[in-house]
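For reference, the structure is listed below as structure tokens.
Both counts, for ligands and for their atoms, begin at 1 and track the order of listing. Here the structure is a predicted model, which is why all the values come from computation and not from measurement.
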Amino acid sequence: MGTHDLDAAVERVAEDIAAMETRGAAAIADAAADALQQQATQSDADTPEAFRAELRAAARQLLETRPTAVSLPNALRYVLQRMDGDSVETLRRNTVAGADEFRARLDRAQTDLGRVGANRLRDGDRIMTHCHSTDVLACVETAREQGKELSAIVKETRPRNQGRLTAERLVELGVDVTLIVDSAARRYLNDADHVLVGADAIAADGSVVNKIGTSGLAVNARDRGTPIVVAAQTIKLDPDTMTGNLVEIETRDESEVIDPEARDAIGDIDVENPAFDVTPPRYVDAIVTERGQFPPESIVTLMRELFGEGITDPWVEPDARRETVVESGEDRP
Ligand SMILES: O=P(O)(O)OC[C@H]1O[C@H](OP(=O)(O)O)[C@H](O)[C@@H]1O
């Protein structure tokens, strides 16, 4: 990859995604499409092949940042599939247009999803949230625009406390917010009408990969009889899972859990920090997408419609392309 001229914007976007300065599956997809667009705009490749190779290298650099949110490869796939043409200028134009189109679709999808999700919310409802999902917030925003009064119990979501971001945004939307520590969730589930969470990836069997703690929340919610709704644009659907591949779960640095000094003070311990977990479909009542809401078991039909049976990895050099099967990652559910 070192032989390719990567634009500074690509490096910057990749660093921001890895450090979680840019986070949330939709925002990651948007930033990745933007980075490819900047690479295409700035490229001084003098042959179509050099241009293509540069864009593929940029995509690989972006892919290396975080492994779980499938919106990232889906965004790269969308843009690179539109990189078409016989001259550098045509390739540049088509790639830039592909990125623009992708980002516009992303925006539209979230608005449409918000309308679908808002239909599930009634005036006076109380939701419980986990982490920070813009797809969830789109549902709340539309419901608020429809004049529905809502309140929310917001889990802080250790270790990075993205619940505080959700709390802030909900307050801006005029929602009454109660912030709780994660371990208090069961205690407050009786007060909630819905658990409403986002997703980083959805597998073909309807399993939902979301922020660590989602699966425990879903099991508790089912026990309490509180419906569990997942707000996830179709960009969160993982086409690789149609051929039996599992979603890779990101493990992050232990310093997010405990600072090194405090850790040393305790003595010889192991610290683990998985960023996501897998909620089996039987605990999920509905997946809300821009195409309507689906029971998790039927999501595979939507996946086939959207991705067909075969998928490609357009960032791989042509002589190394796979057919349809890829290697499984580690620590997959
Ligand atoms: O696409 P939207 O709905 O904004 O976010 C989806 C999901 O992305 C986040 O992951 P992280 O904070 O990037 O690890 C959360 O798990 C959230 O539910």
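A side chain to side chain donor-acceptor pair (under 3.5 Å) with H194 is found for one member of D285, D125, T226, T129 and no other, namely D125.
Cluster partners of V140 are L113, V116, L121, I127, V136, L137, L150, V154, L170, V171, L173, V175, V177, L179, L196, V229, V288, counting Ile, Leu, Val, Met, Phe, Trp and Tyr whose side-chain heavy atoms approach within less than 4.5 Å, directly or via other members.
Contact shell of ligand 1 (protein heavy atoms, cutoff 4.0 Å): M20, R23, G24, A25, A26, R66, C131, H132, S133, T134, D135, Q162, G198, A199, D200, N210, K211, K236, F276.
Put simply, the side chain of R66 does not reach to within 4.5 Å of the side chain of E248, judged on heavy atoms.
A cation-pi arrangement, defined by a distance under 6.0 Å to the six-membered ring centre and an angle within 45 degrees of its axis, is present between R82 and Y78.
Looking only at atom types and distance, the side chain of S133 has no donor-acceptor partner in the side chain of D135 under 3.5 Å away.
By the 4.0 Å N-to-carboxylate-O rule, R108 lies too far from E290 to be salt-bridged with it.
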